[in-house]
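Notes follow the structure.
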There are 2 protein chains.
Amino acid sequence: MMMQNCVSEAFLERVPIYLNHLEVYQDEFISATTLANQLNLGEVLVRKDLAKISYGGKPKIGYIVSDLIIDIKSFMGYDQKSNAIIVGMGQLGKSLYQYPGFLKYNIEITQAFDISSYYKNPEFIKSYCENVKVDVGIITVPKEAAQNICDLFVDAGIKAIWNFSPVRLSVPDEIIVQNINLAESLSILIKHLNDKENQI
Amino acid sequence: MMMQNCVSEAFLERVPIYLNHLEVYQDEFISATTLANQLNLGEVLVRKDLAKISYGGKPKIGYIVSDLIIDIKSFMGYDQKSNAIIVGMGQLGKSLYQYPGFLKYNIEITQAFDISSYYKNPEFIKSYCENVKVDVGIITVPKEAAQNICDLFVDAGIKAIWNFSPVRLSVPDEIIVQNINLAESLSILIKHLNDKENQI
DNA sequence: TAGATTGTTAATCGATTAACAATC
DNA sequence: TAGATTGTTAATCGATTAACAATC
């Protein structure tokens with residue numbers, strides 16, 4: 001019923017899970033209760049989440065699945081094309097550049113640069129961004145170059161950075177940075193595992 | 001002072017940040033206050049975090065940096081070798097297999113399998129795990145094969161799964177699964193960006 | 001109407017922050 | 001001793017859950 005407001009990180013991570021489930025759901029209607037049970041989530045939680053996303057379900061019936069899918073896509077912005085560019089064409093950079101999974105979310109990595117572009121033409125990012133709307137800059141360069149590329153992104157007017165280098169970037173307040181550190185993430189999984197084994 | 005207990009996810013994600021900072025810190029001692037300020041975190045938060053990890057600092061002095069580094073590594077288990085295997089040798093699988101960043105956390109991907117191994121020898125994972133202690137199984141196969149590979153991991157006695165496929169795996173209760181969905185993660189970053197732009 | 005479901009208001013829980021006492 | 005820092009106890013805040021009222 002009410003749109004926006006109260007968009008916590010945890011909530012935003014649940015929304016794509018709802019979408020995935022709905023897209024393979026074989027029925028015209030679904031209740032928040034059903035969705036909650038099938039995903040092992042609290043039913044009030046799901047109901048409140050859906051209330052933030054959609055204009056509401058009908059008592060006794062629930063939500064119309066196809067409408068809910070549209071509402072989720074609209075809420076998350078998946079109905080709008082987003083563009084990203086990536087700098088750093090090592091293995092990880094290449095794999096992201098070729099990754100087909102972004103298509104589902106209407107995201108395209110429109111251009112990839114190798115770090116060597118920087119030496120040839122330090123303005124390469126800025127000139128590209130003058131012609132193409134770039135929403136996100138992706139950093140997959142070695143850590144020594146990360147801050148440097150970050151600065152070029154900011155200078156080119158990019159407002160969101162997806163950073164795969166293990167460096168805490170310094171950026172102006174208005175720039176959003178999301179750090180992805182795969183090794184750290186795996187190490188935390190192993191920590192959980194070790195704790196569990198030593199528990200009993 | 002007290003070890004273990006209260007190990008929330010948010011806390012575990014801060015620990016590697018502390019470690020990174022300490023490893024480049026150029027002094028013998030550091031206070032929780034200093035660490036907090038330099039990382040833009042609350043000082044009581046950092047103090048409580050460190051109390052969970054280390055045997056304590058000294059009033060007026062703070063923590064001995066080299067000791068704190070050792071305590072963090074020990075707490076997180078970075079002083080113990082961990083092994084992983086990976087199934088799925090697409091671009092993403094290859095890039096993880098060759099990723100040098102795991103070394104820092106004493107994690108090694110000791111073996112990589114392509115999905116075709118499965119057809120040649122469905123027991124390939126199980127036989128490998130009989131000879132080598134495997135802590136984590138990594139799934140980078142296409143979504144159609146993900147549950148299948150997951151089942152093989154569980155059957156081989158692997159207790160932790162790092163899943164890059166966009167599938168919610170079903171596993172026995174005692175198995176830990178961590179899902180990494182890169183496209184989803186990027187889409188959430190873009191959602192934040194769009195919200196921010198539409199805010200004012 | 002009765003019942004399943006919705007949406008809302010109040011209670012709980014856990015993480016963070018603030019205020020304080022202890023120590024070298 | 002005075003002061004900087006530690007560790008702890010109480011308060012706040014936000015997310016989740018429980019209890020309830022509204023609706024078709």
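Atom set for the values below is all heavy atoms of this structure, side chains included, hydrogens, waters and symmetry mates excluded. Numbered from 1 within each chain, the chains take letters A, B, ... in sequence-line order.
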Nearest-angstrom distance from the residue atom CG of L68(A) to C1' of dT6(C)
14 Å

Counting Watson-Crick and G-U wobble pairs whose two distances are both under 3.5 Å, find the runs of 3 or more in a row that involve DNA chain D.
C:3-24 with D:3-24

What integer distance in Å separates L12(A):CG from dA15(D):C1'?
14 Å

So, K48(A) and E43(A), do they make that salt bridge, N to O below 4.0 Å?
no

Distance-only criterion, 3.5 Å: show the donor-acceptor pairs between side-chain atoms of residues 151-161 of chain B and protein atoms not counting sequence neighbours.
{"from": "D151(B)", "atom 1": "OD1", "to": "Q147(B)", "atom 2": "NE2", "distance (Å)": "2.8"}
{"from": "D155(B)", "atom 1": "OD2", "to": "K126(B)", "atom 2": "NZ", "distance (Å)": "3.3"}

Heavy-atom nearest nucleotide on DNA chain D for G57(B) versus K60(A): which residue maps closer to 5'?
G57(B)

N-O pairing of D49(B) and R14(B) below 4.0 Å:
yes

Name the closest nucleotide to the P59(B) side chain, picking from dC24(D), dA4(D), dT16(D).
dA4(D)

Name every donor-acceptor pair, under 3.5 Å, that has one atom in a side chain of residues 34-42 of chain B and the other anywhere in the protein, sequence neighbours excluded.
{"from": "T34(B)", "atom 1": "OG1", "to": "S31(B)", "atom 2": "OG", "distance (Å)": "2.7"}
{"from": "N37(B)", "atom 1": "ND2", "to": "T33(B)", "atom 2": "O", "distance (Å)": "3.3"}
{"from": "Q38(B)", "atom 1": "OE1", "to": "H21(B)", "atom 2": "NE2", "distance (Å)": "2.5"}

How would you list, by chain and number, every residue that makes a side-chain contact (heavy atoms from CB on, under 4.5 Å) with K81(B), sequence neighbours excluded?
N83(B), N106(B), E108(B)

Comparing nearest nucleotides in DNA chain D, the 5'-proximal residue of the pair I61(A), Y63(B) is Y63(B)

Contacts to DNA chain C from residues 37-49 of chain B, heavy-atom cutoff under 4.0 Å, which residues?
V44(B), L45(B), K48(B)

Quick one: list whatever passes side-chain contact (heavy atoms from CB on, under 4.5 Å) with P100(B), sequence neighbours left out.
none

Quick check on contacts: within residues 20-35 of chain B, what sits under 4.0 Å from DNA chain C by heavy-atom distance?
none

Give me each pair satisfying salt bridge (Lys or Arg N to Asp or Glu O under 4.0 Å) with a member in residues 53-69 of chain A, each pair once, sequence neighbours excluded.
none

Protein-nucleotide distance (E9(A), atom CD; dT16(C), atom C1'), rounded to Å
17 Å

Set of residues satisfying salt bridge (charged side-chain N to carboxylate O under 4.0 Å, His left out) with respect to D135(B), sequence neighbours excluded
K133(B)

Sorted by chain and residue number, the side-chain contact (heavy atoms from CB on, under 4.5 Å) partners of E13(A) (sequence neighbours excluded) come out as E9(A), I188(B)

Residues 136-146 of chain B vs side-chain hydrogen bond (donor to acceptor under 3.5 Å, both in side chains), sequence neighbours excluded, gives none

Whole-Å distance separating the CD1 atom of I64(B) from the P atom of dT6(D)
13 Å

Residues that A112(B) engages under side-chain contact (heavy atoms from CB on, under 4.5 Å), provided they are two or more places apart
I86(B), M89(B), Y97(B)

